[in-house]
Amino acid sequence: MRVTGYKSQGIGAAAALVNAVTSAEGTDTDDALRGVLADHGFFVADFTADTAARLRPWARMLRSVFEAETLDRAVDLLNGLLADVPMHPHLADHDELGLHLHYAPPQVELAHRFRATTLMNLSELVCDHGVDRIGVCAASGCDRVYADDSRGGRRRFCSDACANRTNVAAYRARHRDR
Ligand SMILES: [Zn+2]
C-alpha cells in the first residue's frame with residue numbers, strides 16, 4: 001500500500017540507510033550514502049562529507065527501532081528520537097504528489113531533512129501497524145533490516161534473494177527427511 005509517495009519514500013530510505021551503515025555487508029562511504037538518499041528521492045545537491053558524518057550515527061539509532069521486539073520498546077525509542085529531532089512542518093506542492101507535508105523546510109541542511117523525514121515516516125508506520133511492518137531479515141546469516149509498506153504486510157526478509165534462499169533451504173530440509 002503506497003499511502004502516499006512521500007510516506008513510502010522515508011520508510012524505504014530509513015531501511016536502506018540502516019543497511020548501508022550497520023549491516024555486515026553494507027557500504028557506508030560518502031558516495032554510497034549519497035546514493036541511498038538519491039535513490040529515495042532526496043535532493044542531494046548539497047550532500048557533503050559532513051552530511052555523511054551526520055547520517056552514520058542516525059543509522060545506528062534507527063537500527064534500534066527496527067530491532068524493537070515489542071510495541072512499547074519501539075514507542076519509547078521513537079519518542080526519545082522525536083524529542084531530540086526538531087520538527088518544522090512545511091507544506092509543499094513540488095510534483096505529482098499534490099499538496100503534502102514535509103517535516104523540515106527545504107532550506108535546512110540535508111542530514112536534518114533526512115532525519116526528520118525518516119523519523120516521522122517510521123513513526124506513522126508504527127502508529128498504523130505496530131512493529132509488524134519493521135524488523136531484521138529472517139534469513140539465517142543476514143543482518144539487514146526491512147520496512148514493509150505493502151498492502152499485505154507479510155514481509156519477513158530484506159530482499160527476494162534472502163526469501164528465495166530460505167525457501168530453497170527449507171525445501172531441501174524437508175526432502176532430506178524422507
Ligand atoms: Zn536478508
Side-chain angles (χ1 to χ4, degrees), residues 1-42 44 47 51-78 80-81 85 111 114-177:
M1 171 172 56
R2 288 183 74 82
V3 182
T4 69
Y6 192 70
K7 189 168 179 173
S8 299
Q9 177 198 64
I11 292 165
L17 183 79
V18 169
N19 287 333
V21 174
T22 71
S23 75
E25 294 181 5
T27 304
D28 70 346
T29 61
D30 293 358
D31 278 350
L33 299 189
R34 184 204 310 266
V36 166
L37 269 58
D39 287 348
H40 291 86
F42 288 83
V44 294
F47 190 103
T51 310
R54 289 164 190 263
L55 290 174
R56 290 185 189 102
W58 181 243
R60 291 182 200 104
M61 282 188 263
L62 283 186
R63 182 168 185 103
S64 64
V65 177
F66 283 89
E67 290 178 340
E69 290 184 353
T70 65
L71 182 57
D72 283 352
R73 173 75 177 144
V75 167
D76 281 351
L77 289 165
L78 288 168
L81 296 174
V85 175
F114 188 88
R115 283 196 295 263
T117 301
T118 50
L119 180 55
M120 284 300 293
N121 288 172
L122 275 177
S123 297
E124 289 163 338
L125 186 69
V126 168
C127 284
D128 288 348
H129 299 291
V131 290
D132 291 349
R133 299 300 192 92
I134 53 175
V136 179
C137 182
S140 75
C142 182
D143 65 351
R144 291 163 56 85
V145 302
Y146 64 86
D148 183 359
D149 60 357
S150 68
R151 186 178 295 276
R154 301 192 183 285
R155 187 164 168 184
R156 293 294 176 267
F157 298 98
C158 72
S159 61
D160 289 345
C162 275
N164 292 339
R165 184 159 51 83
T166 304
N167 289 338
V168 167
Y171 177 85
R172 286 184 181 149
R174 278 197 304 277
H175 284 257
R176 251 198 314 275
D177 291 342

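One-based numbering, in listed order, for ligands and for the atoms of each.
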Checklist line | Neighbour count >12 (heavy atoms, 6.0 Å) for atom CZ, Arg73 | finding: no

Checklist line | Basic-acidic side-chain contact under 4.0 Å: Arg56, Asp28 | finding: yes

Checklist line | Under 3.5 Å: donor-acceptor pair, side chain of Thr22, backbone of Asn19 | finding: no

Checklist line | ring pair (Phe, Tyr, Trp, His ring centres under 6.0 Å) against Phe114, all qualifying residues, sequence neighbours excluded | finding: Phe42

Checklist line | Pairing residues for Ser23 by the side-chain hydrogen bond (donor to acceptor under 3.5 Å, both in side chains) criterion, not counting sequence neighbours | finding: none

Item checked: Nearby protein N/O/S atoms (those under 2.8 Å) for the Zn ion (ligand 1), with water ignored -> Cys137 SG, Cys142 SG, Cys158 SG, Cys162 SG

Notebook entry, point to check: Got a sec, which residues hit side-chain hydrogen bond (donor to acceptor under 3.5 Å, both in side chains) with Ser123, two or more places apart in sequence or on another chain?
Noted result: none

